Amino acid sequence: MRGRFAELFGKIEPKALKVQHDRRHYVDGRVKPTGGVTKVTLEFDGVRAVGFAACSNEDNFNRRIGYQIALGRALKRLSSSLKEAAPNIR
């Protein structure tokens, strides 16, 4: 991460970062190796941003990759929300 995203991420409290992984299951309850969704929720200065990453039903689910994609999307939304709230601050 570089620039504004790295600055924002360094200031986010661990309790303000929530990660949720949702997987697909077979009828008998076993977890399918493919498909799934990762959701990252960030809260900073009273602004909440959510990022999602969906894995195709043809691809193997990977928590790390899903987390990285969802986190990047949440940071992008958080950055744009903070710019709107205080446009004069860099």
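Every value quoted in this text rests on a predicted model; they were computed, and no experiment measured them. Nothing fancy with the numbering, it's 1 onward along the sequence. Excluded from the calculations below are hydrogen atoms, water molecules and symmetry mates; all remaining heavy atoms, backbone and side chain alike, are included.
Scanning both residues, Cys55 and Phe61, for their nearest heavy atoms gives SG-CA, 3.9 Å. The two residues Ala53 and Gly66 come nearest to each other via the heavy atoms CB-O, 3.5 Å. In terms of heavy-atom proximity, Val19 sits nearest to Thr38 at CG1-CG2, 4.3 Å. Contact between Ala49 and Ala74 at its shortest, heavy atoms only, is CB-O, 3.5 Å.
In the hydrophobic clustering (ILVMFWY side chains linked at under 4.5 Å, chained through shared members), Val27 stands by itself.
Within the 4.5 Å cutoff, side-chain heavy atoms of Leu71 are placed close to those of Leu42.
The closest donor-acceptor contact from the side chain of Ser79 to the backbone of Lys76 lies at 3.5 Å or more, if one exists at all. Judged by distance alone, the side chain of Arg77 and the main-chain N or O of Val50 form a donor-acceptor pair under 3.5 Å.
From Tyr67, atom OH reaches atom CG of Leu17 across 5.0 Å, with rounding to the nearest 0.5 Å.
Connection of Val47 to Val40 is established within a shared hydrophobic cluster, with ILVMFWY side chains joined at heavy-atom distances below 4.5 Å, either directly or through further cluster members.
Contacts of Arg63 classified as salt bridge (Lys or Arg N to Asp or Glu O under 4.0 Å), with partners at least two apart in sequence or in another chain: none.
Listed by first then second residue, pairs satisfying salt bridge (charged side-chain N to carboxylate O under 4.0 Å, His left out) with a partner in residues 24-42 read Asp28-Arg30, not counting sequence neighbours.
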